[in-house]
Amino acid sequence: QVQLVESGGRSVQAGDSLRLSCVASARTFSFYSMGWFRQAPGKERDFVAAIRWSSGTTYYTDSIKGRFTISRDVATNTVYLRMDSLNPADTAIYFCAAGPRITNYCETRSYNSWGQGTQVTVSS
């Protein structure tokens with residue numbers, strides 16, 4: 001498993017931008033993928049975006065396409081989630097996740113490592 005530490009969540013106004021970071025500690029990371037999920041109060045944990053570590057190929061859920069961007073820094077084992085044009089519906093705890101040889105990026109069970117989460121609150 002991989003240790004993951006997220007940061008960057010905070011309270012913002014609608015229309016603002018925010019960048020979340022997730023630092024991963026792993027000795028070998030090339031065959032992993034990393035993802036971002038979010039969980040609003042009383043709701044299930046939903047897939048947001050994922051990136052294949054070796055190729056940089058990205059995947060997004062439809063509801064955030066064009067507003068959110070996932071990226072990685074190989075040198076620092078860090079994955080980012082850039083979020084633009086935030087709205088109150090984006091309010092949630094955002095979780096970073098990692099897993100080896102993932103084929104279904106949308107499923108939480110595909111990932112074997114999770115961060116503690118970072119709270120994002122968007123006010124109207």
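Heavy-atom basis, side chains included; hydrogens, waters and symmetry copies ignored. In this chain, numbering begins with 1 at the start of the sequence shown.
Atom CD1 of I70 and atom CE of M83 lie 11.5 Å apart (nearest 0.5 Å). Interatomic distance, R101 CZ to R52 CZ, rounded to the nearest 0.5 Å: 11.5 Å. One finds the CZ atom of R109 at 12.5 Å from the CD1 atom of I102 (value rounded to the nearest 0.5 Å).
For R19, the side chain to side chain donor-acceptor pair (under 3.5 Å) criterion is met by no residue, not counting sequence neighbours. Checked against side chain to side chain donor-acceptor pair (under 3.5 Å), T69 has no partners two or more places apart in sequence or in another chain. With sequence neighbours excluded, the residues forming a side chain to side chain donor-acceptor pair (under 3.5 Å) with T121 are Q119, listed by chain and number. For the side chain to side chain donor-acceptor pair (under 3.5 Å) test, no residue two or more places apart in sequence or in another chain qualifies with D46.
Listed here is the closest heavy atom pair of R45 and T108: O-CG2, 4.1 Å. Considering all non-hydrogen atoms of both residues, A24 and M34 come closest at CB-CE, 4.0 Å. Considering every non-hydrogen atom in both S123 and P88, the closest pair reads C-CG, 4.4 Å. Closest approach of Q116 and V5 over heavy atoms only: OE1-CA, 4.0 Å. Listed here is the closest heavy atom pair of G117 and I93: CA-CG2, 3.8 Å. The minimum heavy-atom distance linking S17 with D84 is given by the pair OG-OD1, 2.7 Å.
In this structure, E107 and F47 have side chains that are not in contact, with every pair of non-hydrogen atoms separated by 4.5 Å or more. A 4.5 Å side-chain heavy-atom check between L86 and L18 finds at least one atom pair inside the cut-off. Residues I64 and V48 form a side-chain contact, since some pair of their non-hydrogen atoms from C-beta on lies under 4.5 Å apart. Put simply, the side chain of L20 reaches to within 4.5 Å of the side chain of T118, judged on heavy atoms. Two residues are said to be in side-chain contact when any heavy atoms from C-beta on lie closer than 4.5 Å; S25 and N77 fail this criterion.
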Worksheet item: Given T61 and F68, is the side chain to side chain contact (heavy atoms under 4.5 Å, CB included) satisfied, shown in steps?
Response: CA-CA 10 Å; T61 191; F68 289 12; over 6 Å; no
Worksheet item: Taking it one step at a time, do D90 and R38 satisfy side chain to side chain contact (heavy atoms under 4.5 Å, CB included)?
Response: CA-CA 9 Å; D90 297 315; R38 66 185 181 184; 2.9 Å; yes
Practice prompt. Just do the side chain to side chain contact (heavy atoms under 4.5 Å, CB included) check on N112 and Y32 with the steps written out, would you?
Written response: CA-CA 10 Å; N112 63 2; Y32 271 69; 4.2 Å; yes
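A continuous path of ILVMFWY side-chain contacts below 4.5 Å connects W36 to W53, so both sit in one hydrophobic cluster.
Close placement of the W114 and F37 rings is indicated, their centers lying within 6.0 Å of each other.
Sorted by first and then second residue, the ring pair (Phe, Tyr, Trp, His ring centres under 6.0 Å) pairs with a member in residues 73-110 read Y59-Y105; sequence neighbours excluded. Sorted by first and then second residue, the disulfide (SG to SG under 2.5 Å) pairs involving residues 54-124 (not counting sequence neighbours) are C22-C96.
Of the options T76, L4, T78, a side chain to side chain contact (heavy atoms under 4.5 Å, CB included) to V23 is made by T78 and by none of the others.
For the pair S21 (side chain) and S7 (backbone), a donor-acceptor distance under 3.5 Å is absent.
Within 6.0 Å of the CD atom in E44, the count of heavy atoms belonging to other residues, nucleotides or ligands does not exceed 12.
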